[in-house]
**Student:** 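Dumping the structure here so I can ask a few things about it.
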Amino acid sequence: MWAFIHKLGSPKVFYALSARLSPWFWTAAAVLIGTGGVWGLAFAPADYQQGDSFRIIYVHVPAAFLAQSIFVVMALAGLVFMVWKIKLADMAATAMAPLGAGMTFVALLSGAVWGVPTWGTWWQWDARLTSMLILFFLYIGVIALRGAFGSRDAGSRAASVLTMVGVINIPIIKYSVDWWYTLHQPATFSITSRPAMPTEMWLPLLIMVLGFYSFFIAVTLTRTRNEILRRESSKRWVRDLVGEAG
Amino acid sequence: MRARRKQRLLVILGLVALVAIAVGLTLYALRSNINLFFSPVQIVAGEAPLERQIRAGGMVKEGSVTRDPESLDVTFSVTDYVEEVRVHYNGILPDLFREGQGVVVVGRLQPEGWVRADKVLAKHDENYMPPEVAEALEEAGYAPEDYQDKAAEVGERLDAERRAGQE
């Protein structure tokens, strides 16, 4: 078991393995998001109160899920990098950050667009909305900090520490709607409890969430491969690889 | 080497724990400011400041909405089922505004204990359902707060009926 994990930590082994895995995740993402998107946006029933604006949920909830999950995964990668000095973990964290920032932005934007017809406002300084905005700034901070140092190693360490400390924001986002009075309603979709909506509305949402996660894995694999090539460009195996191709 | 890893792990965990405690204490100290709105109980107890913009939140009390037929003036009560606060508003209400619906009222608390609203925001709950399910629930005499428990059940029944109708 440990030997396998250790082997996986080698960029060369990961590069070969991810080449085989990533097409599967790209396909799964395309199929799931395609199915869930068309089903949710065109065929699922409209809500009894909100009508068709309810359909924003099929983008908003998966994006918000990813925004938080990616940050947690980045924090774990930061921990692995800092404690075990596995460089691959840092490469993966570098590869994920822009997608996480993008998903946070999508969640904030789709939430604002949804807020106008339902709440009657684009923005309120509500605990859920504010903590999500802080998450967006954390992502930007992590990306900027990584680039702010002369040496890549110093940048990686600073970014890892910021990610690990920033992960404290995640439980705050999750429980904000329970701890304080907020405009945002409590969670709709949870793995642990029964869904608060009928199956015909919930199933497309589940498909979209799975599709978004596949998309995240696919993007991470592909971007990590690029990062490996960039960082290991002077290594023998990369030169051989490029030599073969060229 | 193993000892060094352990040391690094402990330093990181310690750092995260310290920051978590700091953030936790800050949020605890600020807890009343993080709440988006005052509940009617808090307003009646005098916790909300007068003549300053505040937000009041709760349910629109059933049967409390009165509209002036000549203008956009509307008055209603916001309740948390313990206390209630009267709200006066002149303007366009959000589509989701209705009796029994959660709202957040942005406005100024008057010395007489009512709120002059500048803006009314609708809250909605996490229960979504198709219109026909909601209708069936209402006909069956369920209150909106029971919808969640019943929605899945009724949805399945309607589905089964529809399928039976097609055959």
Side-chain angles (χ1 to χ4, degrees), chain A residues 44-51 53-55 57 75 78-79 82-85 114-121 124-131 160-161 163-169 171-172 176-177 179-190 194-202 205, chain B residues 4-9 11-13 15-16 18-20 22-24 27 31-32 34-39 55 57 92-98 101-104 106 119-135 137-138 147-149 151-156 158-159:
Chain A
D47 181 55
Y48 74 117
Q49 282 191 327
Q50 298 181 27
S53 63
F54 150 81
R55 297 182 196 281
I57 200 173
L79 187 74
M82 291 298 277
V83 175
W84 287 276
K85 298 285 171 198
W114 199 0
V116 174
T118 50
W119 299 338
T121 180
Q124 280 289 308
W125 292 100
D126 151 288
R128 170 59 72 81
L129 274 57
T130 309
S131 55
S160 300
V161 170
T163 320
M164 284 185 285
V165 170
V167 85
I168 294 163
N169 190 32
I172 297 175
S176 55
V177 287
W179 289 342
W180 300 293
Y181 295 146
T182 57
L183 185 60
H184 196 287
Q185 67 286 0
T188 304
F189 187 93
S190 143
R194 212 159 47 82
M197 55 170 108
T199 322
E200 52 198 318
M201 290 172 144
W202 179 77
L205 184 57
Chain B
R4 279 189 57 120
R5 274 182 207 161
K6 206 170 166 186
Q7 192 190 0
R8 281 200 296 258
L9 187 63
V11 168
I12 290 167
L13 290 180
L15 181 70
V16 172
L18 280 179
V19 178
V23 171
L27 291 179
R31 63 195 178 283
S32 59
I34 297 173
N35 286 329
L36 185 72
F37 51 81
F38 290 100
S39 68
R55 300 192 200 87
I92 297 167
L93 291 163
D95 291 350
L96 287 189
F97 180 90
R98 68 198 70 192
Q101 179 82 33
V103 287
V104 175
V106 185
K119 206 171 182 187
V120 176
L121 306 175
K123 250 172 93 69
H124 66 84
D125 59 22
E126 67 280 24
N127 304 319
Y128 304 94
M129 66 187 89
E132 55 272 28
V133 174
E135 249 168 58
L137 284 170
E138 208 184 325
Y147 280 9
Q148 182 177 352
D149 296 330
E153 202 178 293
V154 173
E156 273 162 30
L158 285 178
D159 267 355

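Convention: sequence-line order gives letters A, B, ...; per-chain numbering from 1. The basis for the numbers below is simple: all heavy atoms, side chains too, and nothing from hydrogens, waters or symmetry mates.
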**Student:** Measuring heavy-atom distances to chain A, does B:Q101 have an atom under 4.5 Å in its side chain, in its backbone, in both, or in neither?
**Tutor:**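 Only the side chain of B:Q101 comes within 4.5 Å of chain A.
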**Student:** At a heavy-atom separation under 4.5 Å, does B:V11 approach chain A through its side chain, its backbone, both, or neither?
**Tutor:**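 For B:V11, neither part sits under 4.5 Å from chain A.
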**Student:** With a 4.5 angstrom heavy-atom cut-off, is it the side chain or the backbone of B:V19 that approaches chain A, or both, or neither?
**Tutor:**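 B:V19 touches chain A through backbone and side-chain heavy atoms alike.
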**Student:** To the nearest 0.5 Å, tell me how far A:L183 CG sits from B:R55 CZ.
**Tutor:**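 A:L183 CG to B:R55 CZ: 9.0 Å, rounded to 0.5 Å.
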**Student:** What distance separates B:L9 CG from A:W84 CH2, expressed to the nearest 0.5 Å?
**Tutor:**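 If we round to the nearest 0.5 Å, B:L9:CG and A:W84:CH2 are 5.5 Å apart.
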**Student:** Answer whether the closest heavy-atom distance between the side chains of B:I34 and A:T130 falls below 4.5 Å.
**Tutor:**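 A side-chain contact is absent here, since even the closest heavy-atom pair is not under 4.5 Å.
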**Student:** Going by heavy atoms in the side chains, are A:Q49 and B:D95 under 4.5 Å from each other?
**Tutor:**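 SC-SC contact between A:Q49 and B:D95 ruled out.
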**Student:** Looking at chain A, which one of B:L96, B:I92, B:V16 has the largest number of heavy-atom pairs inside 4.5 Å, strictly under?
**Tutor:**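 Greatest number of close heavy-atom pairs with chain A: B:L96.
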**Student:** Identify, with sequence neighbours excluded, every residue that meets side chain to side chain contact (heavy atoms under 4.5 Å, CB included) alongside B:L15.
**Tutor:**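 Counting only residues at least two positions away or on another chain, B:L15 forms a side chain to side chain contact (heavy atoms under 4.5 Å, CB included) with A:V161, A:V165.
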**Student:** At a 4.5 Å cut-off on heavy atoms, which part of B:V104 comes close to chain A: side chain, backbone, both, or neither?
**Tutor:**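 Side chain only.
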**Student:** Which region of B:I12, side chain (C-beta onward) or backbone (N, CA, C, O), has a non-hydrogen atom less than 4.5 Å from a non-hydrogen atom of chain A, or is it both or neither?
**Tutor:**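 For B:I12, the contact with chain A is made by the side chain alone.
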**Student:** Most heavy-atom pairs under 4.5 angstrom with chain A, which of B:L93, B:V23, B:L27?
**Tutor:**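 Ranked by contacts with chain A, first place is B:L27.
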**Student:** With only heavy atoms counted, which part of A:M201 is less than 4.5 Å from chain B, the side chain, the backbone, both or neither?
**Tutor:**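 Contact with chain B is through the side chain of A:M201 alone.
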**Student:** Does some side-chain heavy atom of A:Y181 sit less than 4.5 Å from a side-chain heavy atom of B:S39?
**Tutor:**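 B:S39 reaches A:Y181 side chain to side chain.
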**Student:** With chain B, which of A:A44, A:G51, A:A46, A:G120 has the greatest number of heavy-atom pairs at distances under 4.5 Å?
**Tutor:**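 Between A:A44, A:G51, A:A46, A:G120, the count favours A:A46.
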**Student:** How close do A:T118 and B:P94 get, heavy atom to heavy atom, and via which atoms?
**Tutor:**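 That closest heavy-atom pairing would be O-CB, 4.2 Å.
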**Student:** Under 3.5 Å, side chain of A:K85 to main-chain N/O of B:R5, donor-acceptor pair present?
**Tutor:**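 Between the backbone of B:R5 and the side chain of A:K85 there is no qualifying donor-acceptor contact (under 3.5 Å).
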**Student:** Short question: side chain of A:D126, backbone of B:L36 - any donor-acceptor pair under 3.5 Å?
**Tutor:**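 Checked: no pair found.
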**Student:** Taking atom CE of A:M82 and atom CZ of B:R8, what is their separation to the nearest 0.5 Å?
**Tutor:**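 So the CE of A:M82 and the CZ of B:R8 are separated by 8.0 Å.
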